[in-house]
Amino acid sequence: MQLSSKTISISIIGGGIGGLVLALQLEASGFKDISIFEASRELKAIGSGINLQPSAVLVLRNLGLLPRLEAIGIKTAELRYYNRYGHEVISEPRGEAAGYLIPQVSIHRGMLHDLLLKTVTERLGNDCLHADHVFTSFIQSEESVTARFAKRSDPGVPPEIPEKITDILIGADGINSTVRQLLYPHEGPPNFSGCLLWRGVSLRPPFLTGRSMVWAGHENEKFIAYPIGREAELEGMSLVNWIAELRVRDKDDPDLTPPQADWGKVVSKDKFAEKFKSWTFGFLDIPELIEETAEVSEFPMCDRTPVDRWSFGRLTLLGDAAHPLYPSTKVPGQLER
Ligand SMILES: Cc1cc2nc3c(=O)[nH]c(=O)nc-3n(C[C@H](O)[C@H](O)[C@H](O)COP(=O)(O)OP(=O)(O)OC[C@H]3O[C@@H](n4cnc5c(N)ncnc54)[C@H](O)[C@@H]3O)c2cc1C
């Protein structure tokens, strides 16, 4: 049978950022038969800030989402690097301010996720999304691929769709991907960099231009802050996303096993705040910023060793399942401690 975009059926595993953007891209390219299976019981806004570089915003612009994106996020105008004493090292314009036709947008991950979710239901309908469906296994033949699911809320009871047969299956199930694990059974957990990240969001008066991103410190002790909320900006305030990063395991430690990660879990500031207590810069008082933030989450900085292939017959990997990267990298030049 001749397959066309109209007849090809596609299962997407994972309703995160990658899975939802993919569904919108497929819909825009004429594919109609798309099902998204998400392990979480409900798709709700989790996370803190995320930075969309112009290349990523271009994809969303082409899906017609730029006005809605700009109504939520901040068009980041500059990135400034400091040492841990607040002395400026280098700064550079970003996004439109750097001459790009498309902005860099800093945004709350939960709000971005909500926007994508709303757009998916508007364009593909409610029925394409299946929450509480944990992908467990697949089999594929020359003709099709079958995905099997369990219920997260009650693993003993079969979910509404225990198995789904489609032409194509895409594993967009994040850094701890089950799809990848089945393709690479000996790979094990992600590689821990040895650094933990603590993240928080706080509403406060703007610093610098009100659209500035600040990176301070060095490889083993780093603090990043940038505004992410347009609504706050319209009221003369800044919704500031911040990340405190500390090395907690030696760089040469052969043990790459990551500590437990949970984006939704609130942790104590005592784990890291002391290290930043003297980081008071003229334009930004970091101890105060940490102190005033109500909730802080913890996450290990991890990636994976690249694999040779992402695609196997009717199945492929996408996003963090295929190529997880660090959300931030080294401060250039390894600044003084
Ligand atoms: C809850 C959450 C909060 C995050 N917060 C931030 C943040 O604040 N800042 C930041 O920079 N990055 C954050 N990230 C990471 C960031 O979203 C990703 O690195 C990036 O968007 C890549 O997207 P992705 O779709 O590949 O993976 P993800 O966005 O991680 O999405 C993967 C999705 O797959 C689902 N899934 C996993 N296993 C299965 C399974 N077996 N069956 C079905 N579904 C499954 C997950 O529940 C998730 O919804 C967060 C990720 C998550 C899951």
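When a ligand or atom number is given, it counts from 1 through the structure's own listing order.
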Given that the side chain starts at C-beta and the backbone is N, CA, C, O, which of these parts of Phe37 lies under 4.0 Å from ligand 1, counting heavy atoms, or is it both or neither? backbone

For atom 16 (C) of ligand 1, which of the options Arg109, His113, Gln181 provides the nearest non-hydrogen atom? Arg109

Short version for Asn176: what comes under 4.0 Å of ligand 1, heavy atoms counted, is neither

Asn126 and Thr121 side chains, donor-acceptor separation under 3.5 Å: no

Test your reading of the structure: does Val134 have an N or O sitting under 3.5 Å from an N or O of ligand 1? no

Which of the numbered atoms in ligand 1 are under 4.0 angstrom from any heavy atom belonging to Thr178? 41 (N)

Under 4.0 Å to a heavy atom of Gly18 - the qualifying atoms of ligand 1, by number: 23 (O), 24 (P), 25 (O)

So for ligand 1, is Ile175 a polar contact partner (N or O within less than 3.5 Å, distance only)? no

For Ile50, take its heavy atoms, then give the atoms of ligand 1 lying under 4.0 Å from any of them. 10 (C), 11 (O), 12 (N)

Would you say Glu231 has more than 12 foreign heavy atoms packed within less than 6.0 Å of its CD? no

Give a yes or no answer on whether the side chain of Asp132 reaches the backbone of Ser153 with a donor-acceptor pair at less than 3.5 Å. yes

How about CG on Asp127, more than 12 heavy atoms from neighbouring residues, nucleotides or ligands closer than 6.0 Å, or not? no

For His133, counting its heavy atoms only, list the atoms of ligand 1 lying under 4.0 Å from any of them. 42 (N), 43 (C)

Are the aromatic rings of Phe281 and Phe223 close, with centres under 6.0 Å apart? no

Note: heavy atom closest to atom 27 (O) of ligand 1, options Gly174, Ala131, Gly16, Ala56, belongs to Gly174

Does the residue Arg199 have a heavy-atom contact with ligand 1, meaning some pair of atoms that are separated by less than 4.0 Å? yes

Is it the case that over 12 heavy atoms from other parts of the model lie below 6.0 angstrom from the CD atom of Glu295? no

Just which atoms of ligand 1 are under 4.0 Å from any heavy atom in Ala172? 32 (C), 33 (C), 34 (O)

Side chain, backbone, both or neither: which part of Asp173 comes within less than 4.0 Å of ligand 1 when only heavy atoms are counted? both

Any nitrogen or oxygen of Gly49, side chain or backbone, less than 3.5 Å from one on ligand 1? yes

Take atom CD of Glu291 as the centre, draw a 6.0 Å sphere, and report whether it contains more than 12 heavy atoms from other residues, nucleotides or ligands. no

Looking at Ile13, which atoms of ligand 1 are within less than 4.0 Å of one of its heavy atoms? 42 (N), 43 (C)

Could you tell me whether Ala321 and ligand 1 have an N or O pair separated by under 3.5 Å? no

Donor-acceptor check, side chain of Arg152 to backbone of Arg41, threshold 3.5 angstrom: yes or no? no

Under 4.0 Å, heavy atoms only, figure out whether ligand 1 is touched by the backbone of Ser48, its side chain, both or neither. both

For Ser55 and Gln53, does a side-chain donor sit closer than 3.5 Å to a side-chain acceptor? no

Tell me whether the count of non-hydrogen atoms from other residues, nucleotides or ligands lying under 6.0 Å of CD in Glu122 goes above 12. yes

Exceeds 12 heavy-atom contacts within 6.0 angstrom, atom NZ of Lys275: no

Can you list the ligand 1 atoms lying under 4.0 Å from a non-hydrogen atom of Gly319? 26 (O)

With the threshold set at under 4.0 angstrom, would you say Gly110 reaches ligand 1 through any of its heavy atoms? no

Looking only at side chains, do Thr280 and Asp285 share a donor and an acceptor under 3.5 Å apart? no

List every atom of ligand 1 that sits less than 4.0 Å from any heavy atom of Ser40, numbering the atoms from 1 in the order shown and giving each element. 47 (O)

